[in-house]
Protein chains: 2
Amino acid sequence: MAGIRERARAEHTAEIVRLARVQVEREGASSLSLRAIARELGMVSSAIYRYFASRDELLTKLIIDSYDRLGEEVEAADAGVRRRTDFLGRWRAMSHAIRQWALAHPAEYALLFGTPVPGYAAPQDTIGPASRYTIVLIRLIVEMEGAGHRSADKVPVALRRDYARFRQRFDVAASDAMLMGGMAAWANMMGAINLELFGHLYNVIDTPGALFEAVVAQQGRLLVSGTAPPPGTSKRA
Amino acid sequence: MAGIRERARAEHTAEIVRLARVQVEREGASSLSLRAIARELGMVSSAIYRYFASRDELLTKLIIDSYDRLGEEVEAADAGVRRRTDFLGRWRAMSHAIRQWALAHPAEYALLFGTPVPGYAAPQDTIGPASRYTIVLIRLIVEMEGAGHRSADKVPVALRRDYARFRQRFDVAASDAMLMGGMAAWANMMGAINLELFGHLYNVIDTPGALFEAVVAQQGRLLVSGTAPPPGTSKRA
DNA sequence: CCTCAAACGAGAGCAGTGCTCTTGTTTTTC
DNA sequence: GAAAAACAAGAGCACTGCTCTCGTTTGAGG
């Protein structure tokens, strides 16, 4: 009952995670130190291992949380667009939500989308949260096509199998062409954010926000560039 | 003369760099260990500091070398296209050269385009090599426009200053629209590679090469989508 | 209520890291 | 040939992740 110990455990765990995130945000994931956390907590370093089996496990927890927060942001951004048929508006809102979150939490963004440490295989528990923000994007793509929009992207034959599996896994009925357009848009947007966040626009583009906006607009246009015969939709590129 | 010592120094330096690269390629930059290098070299760890003032300095050297190798690959790929007016072919060749190099040297790619450690400002000596591969891309853009091609990309006003400075710095006369298209193409291509290399397509896209090809083709088309009347060059949208 | 096992925190310790400083030797320079 | 610079070795400092042991605290079952 109540569980004096249970409560203490929950609190300590939360506190460790909180301090870890602060540390990551401040000095980067590479210099996250369990000992430093223990010190700040007034614990001895070995005590931390009662809560996390290893540094990697703590990092995994941080990754999961970050994916969740990002997903939340993107969902909120999408939900914030009143006219649900304003697909370009929704696309812009989501994209900017991702970028804004990245700018606000660069180290967490790097944790998710930066260098993976060789050999580190993302545990199963990360893939759920990891797909959360993408699901919002997928839903948009599907609704766009449902409304008659269609990407004009050409689909390489080699990708048909991937897209077929994709439809099955996410239980959506988007055409290959639309999925193609979505992947391209996704890659392009993430690419722009990466370049900015990882410093490759430094001293080249002073207004990365404008570049991002242009890139997002370009992909948005492409997503609705195909023949858009309103209601009845069929498959096929 | 000849410099017994000078020679030894050059050899030792080269050997350190070589071992460092092997280590980075094998276990990732984060676990690059000066002591391990010293051990393999039969030296004591402090001796390494005669050659590199710090671990960071050694890493910087690796970064510079990697940028140089990447630049070399891209230059060779471009030069390998016989018909110099086959702009789309050249674009494809360069893009694939970058991806192939990344796939062949994932850890080095991560070193260049992955998470930067917070606070680490790239030293001046890196910016030269870092721009080497981009210069090939820029040259292509300029030649394309010279041949009458033009990107249809819209240019946000905020970017005009950046592009003006860009023209000055690289001494090129490309239009804003064309630079815009080039930036978008660059971001898109790098984004696709990042997603693939950093594991975000895992279990989603089994044939990332095909996705990459599609993305590159899309951007290639956009680069020549504007009014393209002048001389003998054809090419459809 | 009382016992016993599980959970816990402290502490010591191991193996590893980057980096500094001193000491004696070797090479280069004047 | 002497002074100066370059060098390798070694000891040492402060830090890391992680393990193991040893008392203490807590909670659950008899």
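Chain identifiers are assigned alphabetically (A, B, ...) following the order of the sequence lines, protein sequences preceding nucleic acid strands; residue numbering begins at 1 within each chain.
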Touch check for A/Ser54, heavy atoms < 4.0 angstrom, all strands: base, sugar-phosphate only, or nothing?
sugar-phosphate
Taking only N and O in the side chain of B/His12, is any of them less than 4.0 Å away from OP1 or OP2 of D/dC7?
no
Would you call A/Arg69 and A/Glu73 a salt bridge, using N to O less than 4.0 angstrom?
no
Would the base of C/dT17 count as contacting B/Arg55 through its side chain, where contact means a donor and an acceptor less than 3.5 Å apart?
no
C/dG16 base to B/Arg35 side chain: any donor-acceptor pair below 3.5 Å?
no
Tell me which nucleotide among D/dA6, C/dG16, D/dC15 gets nearest to the side chain of B/Arg39.
C/dG16
A/Ala214 and B/Met180: which non-hydrogen atoms are nearest, and at how many Å?
CB-CE, 3.3 Å
First of A/Ser33 and A/Ser46 reached from the 5' end of DNA chain D, by closest nucleotide:
A/Ser33
Any base atoms under 4.0 Å from A/Leu41, or only sugar-phosphate, or nothing? Heavy atoms, all strands.
nothing
Run the numbers on A/Gln218 and A/Asn188 for side-chain hydrogen bond (donor to acceptor under 3.5 Å, both in side chains), then give the verdict.
CA-CA 10 Å; A/Gln218 181 204 66; A/Asn188 200 352; 3.2 Å; yes
Give the nucleotide from the list D/dT16, D/dC18, C/dC8 with an atom nearest to the side chain of A/Arg9.
C/dC8
In whole angstroms, the gap separating P of C/dT20 from CD1 of B/Ile48 amounts to 14 Å
